[in-house]
Amino acid sequence: MKPNRVLIGTCLVAALGGTLFGFDTAVISGVQDALRDLFHLDGFQQGMVTAVALVGTVLGALIAAKPGDLYGRRDSLKVAGVFYLACALGCALAWNLASLVFFRFLGGVAVGASSVLGPLYLAEISPARWRGRLVGFFQFNVVFGILLAFLSNYLVGLGDFGAHEWRWKLGVQVVPAFLFFVLLWLIPRSPRWLVMRGHDAEALHVLRLIGEEDPERTVGRIRRSVHRQQGFQTEPLFRAPHWKPVFLAVLVAFFNQAGGINAIFYYLNPIFAMAGFSKVSGDLQSVAVGGTNLIFTVVGMALIDRVGRRPLLLWGTLGCGLCLAGIAAVFSGPARHDLLVWLLVGYIACHAFGQGAVVWVYISEVFPNAVRAKGQTLGGTTHWVMAALISWGFPVFARPAGTPGAGLPFAVFALMMIVQIVVVWRFFPETKGTSLEEVEEVTAA
(Lines give C-alpha, C1' and ligand atoms only; values in the text may rest on other atoms or scores of the structure.)
Protein backbone atom coordinates (compact mmCIF):
# COMPACT_ATOMS: atom_id res chain seq x y z
CA MET A 1 0.00 0.00 0.00
CA LYS A 2 1.02 3.59 -0.58
CA PRO A 3 0.41 6.17 2.15
CA ASN A 4 -2.84 8.02 1.58
CA ARG A 5 -3.34 11.71 2.19
CA VAL A 6 -4.72 11.18 5.69
CA LEU A 7 -1.68 9.15 6.75
CA ILE A 8 0.80 11.59 5.22
CA GLY A 9 -0.97 14.58 6.75
CA THR A 10 -1.11 12.89 10.13
CA CYS A 11 2.61 12.10 10.04
CA LEU A 12 3.51 15.61 8.96
CA VAL A 13 1.58 17.14 11.85
CA ALA A 14 3.05 14.74 14.42
CA ALA A 15 6.52 15.34 13.03
CA LEU A 16 6.07 19.12 13.33
CA GLY A 17 7.21 18.63 16.92
CA GLY A 18 10.54 17.78 15.34
CA THR A 19 10.65 21.23 13.71
CA LEU A 20 10.40 22.82 17.12
CA PHE A 21 12.92 20.32 18.46
CA GLY A 22 15.41 21.31 15.75
CA PHE A 23 14.72 25.03 16.00
CA ASP A 24 15.26 25.01 19.74
CA THR A 25 18.48 23.03 19.29
CA ALA A 26 20.07 25.42 16.80
CA VAL A 27 18.67 28.88 17.54
CA ILE A 28 20.85 29.28 20.65
CA SER A 29 23.99 29.24 18.47
CA GLY A 30 23.07 32.65 17.10
CA VAL A 31 22.83 34.32 20.53
CA GLN A 32 25.84 32.77 22.28
CA ASP A 33 28.06 35.83 21.98
CA ALA A 34 25.27 38.25 22.89
CA LEU A 35 24.34 36.32 26.05
CA ARG A 36 27.99 35.91 27.05
CA ASP A 37 28.62 39.65 26.77
CA LEU A 38 25.28 40.73 28.30
CA PHE A 39 25.53 38.51 31.38
CA HIS A 40 29.36 38.35 31.58
CA LEU A 41 29.51 34.56 31.34
CA ASP A 42 32.66 32.48 31.60
CA GLY A 43 33.03 29.16 29.73
CA PHE A 44 31.38 27.07 32.45
CA GLN A 45 28.47 29.50 32.83
CA GLN A 46 27.97 29.70 29.08
CA GLY A 47 27.84 25.92 28.95
CA MET A 48 25.29 25.96 31.78
CA VAL A 49 23.01 28.47 30.03
CA THR A 50 23.16 26.36 26.88
CA ALA A 51 22.84 22.97 28.57
CA VAL A 52 19.96 23.92 30.86
CA ALA A 53 17.62 23.28 27.96
CA LEU A 54 19.18 19.83 27.64
CA VAL A 55 18.63 19.21 31.34
CA GLY A 56 15.00 19.96 30.60
CA THR A 57 15.03 17.46 27.74
CA VAL A 58 16.22 14.75 30.12
CA LEU A 59 13.28 15.48 32.42
CA GLY A 60 10.86 15.68 29.50
CA ALA A 61 12.07 12.37 28.09
CA LEU A 62 11.85 10.71 31.52
CA ILE A 63 8.30 11.81 32.29
CA ALA A 64 6.75 11.53 28.81
CA ALA A 65 6.09 7.78 28.79
CA LYS A 66 3.57 7.66 31.63
CA PRO A 67 1.19 10.33 30.30
CA GLY A 68 1.80 8.90 26.83
CA ASP A 69 0.50 5.53 28.05
CA LEU A 70 -2.33 6.93 30.16
CA TYR A 71 -3.66 9.73 27.97
CA GLY A 72 -2.29 8.85 24.55
CA ARG A 73 0.66 9.94 22.49
CA ARG A 74 -1.24 12.62 20.57
CA ASP A 75 -2.86 14.28 23.58
CA SER A 76 0.40 14.32 25.51
CA LEU A 77 2.04 16.09 22.56
CA LYS A 78 -0.49 18.89 23.03
CA VAL A 79 1.01 19.60 26.45
CA ALA A 80 4.46 19.73 24.83
CA GLY A 81 3.03 22.28 22.41
CA VAL A 82 2.00 24.51 25.32
CA PHE A 83 5.52 24.27 26.77
CA TYR A 84 7.01 25.27 23.41
CA LEU A 85 4.78 28.35 23.38
CA ALA A 86 5.78 29.27 26.93
CA CYS A 87 9.47 28.90 26.05
CA ALA A 88 9.27 31.17 23.01
CA LEU A 89 7.28 33.90 24.74
CA GLY A 90 9.28 33.68 27.95
CA CYS A 91 12.66 33.92 26.23
CA ALA A 92 11.52 36.90 24.18
CA LEU A 93 10.34 38.71 27.31
CA ALA A 94 13.01 37.46 29.77
CA TRP A 95 13.81 40.12 32.37
CA ASN A 96 17.03 38.59 33.75
CA LEU A 97 19.31 35.59 33.38
CA ALA A 98 17.31 33.44 35.80
CA SER A 99 14.08 33.94 33.84
CA LEU A 100 15.83 33.16 30.56
CA VAL A 101 17.27 29.97 32.04
CA PHE A 102 13.85 28.95 33.36
CA PHE A 103 12.06 29.38 30.03
CA ARG A 104 14.89 27.64 28.17
CA PHE A 105 14.42 24.78 30.63
CA LEU A 106 10.68 24.63 29.81
CA GLY A 107 11.52 24.45 26.12
CA GLY A 108 13.89 21.62 26.86
CA VAL A 109 11.12 19.69 28.63
CA ALA A 110 9.02 20.05 25.49
CA VAL A 111 11.89 18.87 23.28
CA GLY A 112 12.50 15.82 25.48
CA ALA A 113 8.83 14.88 25.53
CA SER A 114 8.56 15.35 21.75
CA SER A 115 11.61 13.17 21.15
CA VAL A 116 9.82 10.33 22.95
CA LEU A 117 6.20 10.84 21.91
CA GLY A 118 6.68 11.98 18.30
CA PRO A 119 8.61 8.96 16.98
CA LEU A 120 6.50 6.66 19.19
CA TYR A 121 3.27 7.94 17.64
CA LEU A 122 4.69 7.80 14.12
CA ALA A 123 6.01 4.24 14.53
CA GLU A 124 2.66 3.05 15.85
CA ILE A 125 0.60 4.57 13.07
CA SER A 126 2.88 3.69 10.13
CA PRO A 127 2.63 0.55 7.93
CA ALA A 128 5.72 -1.69 8.15
CA ARG A 129 7.04 -1.06 4.63
CA TRP A 130 6.79 2.72 5.04
CA ARG A 131 7.70 3.01 8.72
CA GLY A 132 11.31 4.08 8.19
CA ARG A 133 10.33 6.91 5.88
CA LEU A 134 7.29 8.04 7.86
CA VAL A 135 9.07 8.01 11.20
CA GLY A 136 11.85 9.71 9.28
CA PHE A 137 9.48 12.68 8.86
CA PHE A 138 10.33 13.44 12.48
CA GLN A 139 14.05 13.62 11.78
CA PHE A 140 13.39 15.53 8.56
CA ASN A 141 11.47 18.10 10.55
CA VAL A 142 14.23 18.23 13.16
CA VAL A 143 16.78 19.22 10.52
CA PHE A 144 14.26 21.51 8.81
CA GLY A 145 13.86 23.23 12.18
CA ILE A 146 17.65 23.52 12.46
CA LEU A 147 17.82 25.13 9.03
CA LEU A 148 14.97 27.49 9.93
CA ALA A 149 16.83 28.50 13.08
CA PHE A 150 20.06 29.24 11.20
CA LEU A 151 18.17 31.11 8.49
CA SER A 152 16.14 33.02 11.08
CA ASN A 153 19.31 33.98 12.96
CA TYR A 154 20.86 35.23 9.72
CA LEU A 155 17.81 37.27 8.70
CA VAL A 156 17.26 38.73 12.15
CA GLY A 157 20.96 39.55 12.25
CA LEU A 158 20.55 41.67 9.12
CA GLY A 159 17.87 43.75 10.86
CA ASP A 160 18.47 46.72 13.09
CA PHE A 161 17.36 45.27 16.43
CA GLY A 162 20.39 46.37 18.43
CA ALA A 163 20.56 45.10 22.00
CA HIS A 164 17.23 43.27 21.59
CA GLU A 165 18.37 41.13 18.66
CA TRP A 166 18.74 38.02 20.84
CA ARG A 167 15.12 38.39 22.02
CA TRP A 168 13.84 38.35 18.44
CA LYS A 169 15.99 35.35 17.57
CA LEU A 170 14.62 33.32 20.47
CA GLY A 171 11.03 34.64 20.29
CA VAL A 172 10.15 33.83 16.67
CA GLN A 173 9.66 30.20 17.71
CA VAL A 174 6.18 31.20 18.89
CA VAL A 175 4.84 30.89 15.31
CA PRO A 176 5.62 27.17 14.68
CA ALA A 177 4.77 26.39 18.33
CA PHE A 178 1.27 27.78 17.94
CA LEU A 179 0.79 25.97 14.61
CA PHE A 180 1.88 22.66 16.15
CA PHE A 181 -0.55 22.98 19.06
CA VAL A 182 -3.53 23.81 16.81
CA LEU A 183 -2.91 21.07 14.23
CA LEU A 184 -2.59 18.32 16.87
CA TRP A 185 -6.35 18.60 17.42
CA LEU A 186 -6.93 17.42 13.84
CA ILE A 187 -5.09 14.05 13.83
CA PRO A 188 -6.26 10.64 15.18
CA ARG A 189 -4.91 8.75 18.16
CA SER A 190 -2.42 5.90 17.79
CA PRO A 191 -4.19 2.65 16.82
CA ARG A 192 -1.76 0.57 18.89
CA TRP A 193 -2.34 2.74 21.94
CA LEU A 194 -6.09 2.40 21.38
CA VAL A 195 -5.85 -1.41 21.32
CA MET A 196 -3.70 -1.40 24.47
CA ARG A 197 -6.43 0.68 26.15
CA GLY A 198 -9.16 -1.68 24.94
CA HIS A 199 -10.62 0.63 22.25
CA ASP A 200 -10.49 -1.87 19.39
CA ALA A 201 -13.37 -0.30 17.46
CA GLU A 202 -11.73 3.11 17.37
CA ALA A 203 -8.43 1.50 16.42
CA LEU A 204 -10.15 -0.21 13.47
CA HIS A 205 -11.61 3.14 12.42
CA VAL A 206 -8.18 4.81 12.52
CA LEU A 207 -6.54 1.98 10.56
CA ARG A 208 -9.22 2.21 7.87
CA LEU A 209 -8.83 5.99 7.83
CA ILE A 210 -5.09 5.77 7.13
CA GLY A 211 -5.59 3.11 4.45
CA GLU A 212 -4.42 -0.06 6.23
CA GLU A 213 -5.01 -2.98 3.84
CA ASP A 214 -6.23 -5.50 6.47
CA PRO A 215 -7.17 -3.54 9.62
CA GLU A 216 -8.90 -6.49 11.34
CA ARG A 217 -5.80 -8.66 11.03
CA THR A 218 -3.60 -5.79 12.22
CA VAL A 219 -5.73 -5.26 15.32
CA GLY A 220 -5.58 -8.99 16.05
CA ARG A 221 -1.79 -9.05 15.82
CA ILE A 222 -1.50 -6.03 18.09
CA ARG A 223 -3.83 -7.61 20.63
CA ARG A 224 -1.89 -10.87 20.65
CA SER A 225 1.39 -9.00 21.07
CA VAL A 226 0.07 -7.05 24.03
CA HIS A 227 -1.48 -10.12 25.64
CA ARG A 228 1.86 -11.94 25.48
CA GLN A 229 3.08 -9.38 27.99
CA GLN A 230 1.83 -8.86 31.52
CA GLY A 231 0.07 -5.66 30.50
CA PHE A 232 1.46 -2.48 29.05
CA GLN A 233 0.97 -0.42 32.22
CA THR A 234 2.72 -2.88 34.55
CA GLU A 235 5.26 -4.65 32.36
CA PRO A 236 8.73 -3.56 33.59
CA LEU A 237 11.32 -2.60 31.01
CA PHE A 238 14.37 -3.96 32.79
CA ARG A 239 13.67 -7.66 32.54
CA ALA A 240 15.75 -10.38 30.93
CA PRO A 241 13.51 -10.69 27.83
CA HIS A 242 14.10 -7.02 27.04
CA TRP A 243 17.86 -6.80 27.52
CA LYS A 244 18.63 -6.79 23.80
CA PRO A 245 16.33 -3.89 22.75
CA VAL A 246 17.48 -1.97 25.86
CA PHE A 247 21.10 -2.54 24.81
CA LEU A 248 20.43 -1.44 21.22
CA ALA A 249 18.44 1.67 22.14
CA VAL A 250 21.00 2.88 24.67
CA LEU A 251 23.90 2.37 22.28
CA VAL A 252 22.30 4.01 19.23
CA ALA A 253 21.32 7.03 21.36
CA PHE A 254 24.72 7.19 23.08
CA PHE A 255 26.75 7.14 19.88
CA ASN A 256 24.43 9.60 18.15
CA GLN A 257 25.64 12.21 20.64
CA ALA A 258 29.17 10.86 21.22
CA GLY A 259 30.11 12.23 17.80
CA GLY A 260 29.43 15.76 19.09
CA ILE A 261 26.52 16.63 16.82
CA ASN A 262 24.58 18.74 19.32
CA ALA A 263 27.71 20.44 20.63
CA ILE A 264 28.55 21.48 17.08
CA PHE A 265 25.02 22.72 16.40
CA TYR A 266 24.81 24.63 19.69
CA TYR A 267 28.20 26.26 19.17
CA LEU A 268 28.39 26.41 15.38
CA ASN A 269 28.67 30.20 15.27
CA PRO A 270 31.39 30.29 17.98
CA ILE A 271 33.24 27.49 16.15
CA PHE A 272 33.31 29.62 13.01
CA ALA A 273 34.36 32.63 15.12
CA MET A 274 37.24 30.66 16.67
CA ALA A 275 38.40 29.90 13.13
CA GLY A 276 38.32 33.58 12.19
CA PHE A 277 34.89 34.11 10.57
CA SER A 278 33.00 37.35 11.13
CA LYS A 279 29.54 37.37 12.74
CA VAL A 280 27.59 37.73 9.47
CA SER A 281 29.76 35.30 7.52
CA GLY A 282 29.46 32.79 10.37
CA ASP A 283 25.66 33.11 10.29
CA LEU A 284 25.68 32.58 6.52
CA GLN A 285 27.97 29.53 6.75
CA SER A 286 25.58 28.13 9.37
CA VAL A 287 22.74 28.40 6.85
CA ALA A 288 24.85 26.40 4.38
CA VAL A 289 25.45 23.74 7.04
CA GLY A 290 21.73 23.64 7.84
CA GLY A 291 20.87 23.27 4.15
CA THR A 292 23.30 20.39 3.81
CA ASN A 293 21.73 18.75 6.85
CA LEU A 294 18.28 18.97 5.27
CA ILE A 295 19.35 17.64 1.85
CA PHE A 296 21.18 14.62 3.22
CA THR A 297 18.40 13.84 5.69
CA VAL A 298 16.12 13.49 2.65
CA VAL A 299 18.73 11.14 1.16
CA GLY A 300 18.69 9.07 4.35
CA MET A 301 14.88 8.95 4.37
CA ALA A 302 14.86 7.78 0.75
CA LEU A 303 17.34 4.98 1.51
CA ILE A 304 16.36 3.79 4.98
CA ASP A 305 13.63 1.37 3.87
CA ARG A 306 15.60 0.25 0.79
CA VAL A 307 19.20 -0.03 1.94
CA GLY A 308 18.39 -0.64 5.60
CA ARG A 309 19.36 0.80 8.96
CA ARG A 310 22.73 -0.91 9.46
CA PRO A 311 24.38 0.20 6.17
CA LEU A 312 23.35 3.81 6.75
CA LEU A 313 24.76 3.72 10.27
CA LEU A 314 28.03 2.15 9.15
CA TRP A 315 28.77 4.39 6.17
CA GLY A 316 27.51 7.55 7.84
CA THR A 317 29.59 6.91 10.94
CA LEU A 318 32.70 6.26 8.85
CA GLY A 319 32.25 9.58 7.06
CA CYS A 320 31.65 11.42 10.35
CA GLY A 321 34.83 9.98 11.83
CA LEU A 322 36.97 11.02 8.87
CA CYS A 323 35.57 14.56 8.82
CA LEU A 324 35.98 14.96 12.59
CA ALA A 325 39.61 13.85 12.30
CA GLY A 326 40.09 16.53 9.63
CA ILE A 327 38.44 19.21 11.82
CA ALA A 328 40.72 18.21 14.69
CA ALA A 329 43.73 18.62 12.40
CA VAL A 330 42.54 22.05 11.21
CA PHE A 331 42.08 23.31 14.78
CA SER A 332 45.43 21.89 15.84
CA GLY A 333 47.29 23.97 13.25
CA PRO A 334 46.88 27.34 11.54
CA ALA A 335 43.22 28.18 10.84
CA ARG A 336 42.07 27.17 7.35
CA HIS A 337 38.66 28.68 6.59
CA ASP A 338 38.11 26.78 3.37
CA LEU A 339 38.91 23.37 4.87
CA LEU A 340 36.83 23.94 8.00
CA VAL A 341 33.68 24.81 6.08
CA TRP A 342 33.96 21.77 3.82
CA LEU A 343 34.81 19.41 6.66
CA LEU A 344 31.84 20.64 8.71
CA VAL A 345 29.56 20.30 5.69
CA GLY A 346 30.87 16.77 5.09
CA TYR A 347 30.41 15.86 8.76
CA ILE A 348 26.84 17.16 8.81
CA ALA A 349 26.03 15.35 5.54
CA CYS A 350 27.33 12.01 6.84
CA HIS A 351 25.55 12.39 10.16
CA ALA A 352 22.30 13.37 8.43
CA PHE A 353 21.98 10.34 6.15
CA GLY A 354 23.45 7.97 8.76
CA GLN A 355 22.86 8.38 12.47
CA GLY A 356 20.46 11.29 12.06
CA ALA A 357 18.13 9.37 9.76
CA VAL A 358 18.29 6.15 11.79
CA VAL A 359 18.39 7.01 15.50
CA TRP A 360 14.72 7.81 16.21
CA VAL A 361 13.46 5.17 13.79
CA TYR A 362 15.58 2.46 15.40
CA ILE A 363 14.67 3.36 18.98
CA SER A 364 10.97 3.48 18.12
CA GLU A 365 10.87 0.02 16.55
CA VAL A 366 13.14 -2.32 18.56
CA PHE A 367 10.92 -2.59 21.67
CA PRO A 368 7.84 -4.81 22.15
CA ASN A 369 4.46 -3.05 22.10
CA ALA A 370 3.99 -3.50 25.84
CA VAL A 371 7.14 -1.53 26.76
CA ARG A 372 7.65 0.65 23.70
CA ALA A 373 6.85 3.91 25.50
CA LYS A 374 9.24 3.02 28.34
CA GLY A 375 11.89 2.00 25.82
CA GLN A 376 11.46 5.22 23.86
CA THR A 377 11.89 7.07 27.14
CA LEU A 378 15.11 5.18 27.88
CA GLY A 379 16.52 5.91 24.43
CA GLY A 380 15.47 9.55 24.52
CA THR A 381 16.84 10.04 28.02
CA THR A 382 20.19 8.49 27.06
CA HIS A 383 20.33 10.79 24.03
CA TRP A 384 19.64 13.93 26.05
CA VAL A 385 21.88 13.10 29.00
CA MET A 386 24.75 12.67 26.57
CA ALA A 387 23.79 15.87 24.74
CA ALA A 388 23.71 17.83 28.01
CA LEU A 389 27.08 16.53 29.20
CA ILE A 390 28.83 17.17 25.90
CA SER A 391 27.23 20.57 25.26
CA TRP A 392 27.99 21.77 28.79
CA GLY A 393 31.58 20.60 28.60
CA PHE A 394 32.41 21.73 25.07
CA PRO A 395 32.94 25.47 25.78
CA VAL A 396 35.19 24.56 28.70
CA PHE A 397 37.59 22.72 26.37
CA ALA A 398 37.03 24.74 23.17
CA ARG A 399 40.00 26.83 22.04
CA PRO A 400 40.65 29.15 19.07
CA ALA A 401 42.19 27.33 16.12
CA GLY A 402 45.94 27.00 16.37
CA THR A 403 46.18 27.16 20.18
CA PRO A 404 47.34 24.11 22.19
CA GLY A 405 44.58 21.52 22.68
CA ALA A 406 42.15 23.19 20.25
CA GLY A 407 41.68 19.98 18.24
CA LEU A 408 41.19 17.69 21.26
CA PRO A 409 37.36 17.74 21.48
CA PHE A 410 37.03 16.87 17.78
CA ALA A 411 39.66 14.11 18.07
CA VAL A 412 37.67 12.52 20.92
CA PHE A 413 34.50 12.69 18.82
CA ALA A 414 36.33 10.99 15.93
CA LEU A 415 37.55 8.20 18.21
CA MET A 416 33.99 7.50 19.37
CA MET A 417 32.93 7.04 15.74
CA ILE A 418 35.52 4.28 15.32
CA VAL A 419 34.08 2.51 18.35
CA GLN A 420 30.56 2.87 16.97
CA ILE A 421 31.46 1.20 13.68
CA VAL A 422 32.68 -1.88 15.57
CA VAL A 423 29.59 -2.00 17.80
CA VAL A 424 27.08 -1.60 14.95
CA TRP A 425 28.85 -4.23 12.82
CA ARG A 426 28.90 -6.71 15.68
CA PHE A 427 25.58 -6.28 17.45
CA PHE A 428 22.92 -4.36 15.48
CA PRO A 429 20.26 -6.42 13.63
CA GLU A 430 18.55 -5.12 10.48
CA THR A 431 14.87 -4.18 10.95
CA LYS A 432 13.79 -2.83 7.57
CA GLY A 433 10.53 -4.10 6.07
CA THR A 434 9.30 -5.93 9.16
CA SER A 435 6.22 -5.14 11.26
CA LEU A 436 6.69 -3.97 14.82
CA GLU A 437 5.44 -7.33 16.02
CA GLU A 438 8.00 -9.14 13.84
CA VAL A 439 10.78 -6.86 15.07
CA GLU A 440 9.80 -7.93 18.56
CA GLU A 441 10.72 -11.51 17.60
CA VAL A 442 14.03 -10.44 16.00
CA THR A 443 15.14 -8.56 19.14
CA ALA A 444 13.85 -11.12 21.63
CA ALA A 445 16.53 -12.23 24.10
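A quick note: this is a predicted structure, and the numbers were derived from the prediction, not measured. Along the sequence shown, the residues carry numbers beginning at 1.
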With heavy-atom distances below 4.5 Å as the criterion, would you say the side chains of [X] and [Y] are in contact?
| X | Y | result |
| --- | --- | --- |
| Thr19 | Val142 | no |
| Ile363 | Pro119 | no |
| Phe21 | Asn141 | no |
| Val206 | Arg189 | no |
| Thr317 | Val424 | no |
| Thr218 | Pro191 | no |
| Ile264 | Leu344 | yes |
| Val345 | Cys323 | no |

With no hydrogens and no angle check, is any side-chain donor or acceptor of [X] less than 3.5 Å from a backbone partner on [Y]?
| X | Y | result |
| --- | --- | --- |
| Thr10 | Ile187 | no |
| Asn256 | Val359 | no |
| Tyr347 | Ile261 | yes |
| Arg309 | Ile304 | yes |
| Arg192 | Glu124 | yes |
| Gln355 | Gly316 | no |
| Arg310 | Trp425 | yes |

If you count the non-hydrogen atoms of other residues, nucleotides and ligands that lie under 6.0 Å from [atom1] in [X], is the total more than 12?
| X | atom1 | value |
| --- | --- | --- |
| Phe353 | CZ | yes |
| Phe428 | CZ | yes |
| Phe247 | CZ | yes |
| His205 | NE2 | no |

On a heavy-atom basis, which atom in [X] and which in [Y] lie closest, and how many Å separate them?
| X | Y | answer |
| --- | --- | --- |
| Ile390 | Ala258 | CD1-CA, 4.0 Å |
| Ala414 | Ala325 | CB-N, 3.8 Å |
| Ala349 | Thr292 | CB-CG2, 3.8 Å |

Exercise for the section: Would you sort out whether Lys66 and Asp69 count as a salt bridge (charged side-chain N to carboxylate O under 4.0 Å, His left out), showing the intermediate values? Expected result: CA-CA 5 Å; Lys66 188 169 184 178; Asp69 277 344; over 6 Å; no

Practice task
Can you measure from CZ (Phe103) to SG (Cys91) and round to the nearest 0.5 angstrom?
Solution key: 7.5 Å

Completion exercise
Separation between CG (Leu148) and CG (Leu294), nearest 0.5 Å, reads 9.0 Å

Exercise for the section: Could you tell me whether Arg197 and Glu202 have a side-chain N and a carboxylate O separated by less than 4.0 Å? Expected result: no

Practice task
Give the intermediate values and the outcome of side-chain contact (heavy atoms from CB on, under 4.5 Å) for residues Ile146 and Phe23.
Solution key: CA-CA 5 Å; Ile146 290 171; Phe23 194 98; over 6 Å; no

Practice task
Determine the interplanar angle of the Tyr84 and Phe180 rings, folded into 0 to 90°, and report it as parallel if under 30°, tilted if 30 to 60°, perpendicular if over 60°.
Solution key: perpendicular

Exercise for the section: Specify whether Phe394 and Phe413 have parallel, tilted or perpendicular ring planes, treating 30° as the upper limit for parallel and 60° as the lower limit for perpendicular. Expected result: parallel

Exercise for the section: Determine, step by step, whether Leu184 and Val13 satisfy the side-chain contact (heavy atoms from CB on, under 4.5 Å) criterion, reporting the C-alpha distance in whole Å, the side-chain angles of both residues, the deciding distance to 0.1 Å, and the verdict. Expected result: CA-CA 7 Å; Leu184 281 171; Val13 171; 4.3 Å; yes

Practice task
Walk me through it: do Val366 and Lys244 pass the test side-chain contact (heavy atoms from CB on, under 4.5 Å)?
Solution key: CA-CA 9 Å; Val366 295; Lys244 188 171 183 179; over 6 Å; no

Exercise for the section: Examine the side chains of His351 and Asn293 and answer whether a donor and an acceptor come within less than 3.5 Å of each other. Expected result: no

Problem - Chi angles and distances behind the side-chain contact (heavy atoms from CB on, under 4.5 Å) call for Ser152, Lys169 - result: CA-CA 7 Å; Ser152 174; Lys169 287 183 174 181; 5.8 Å; no

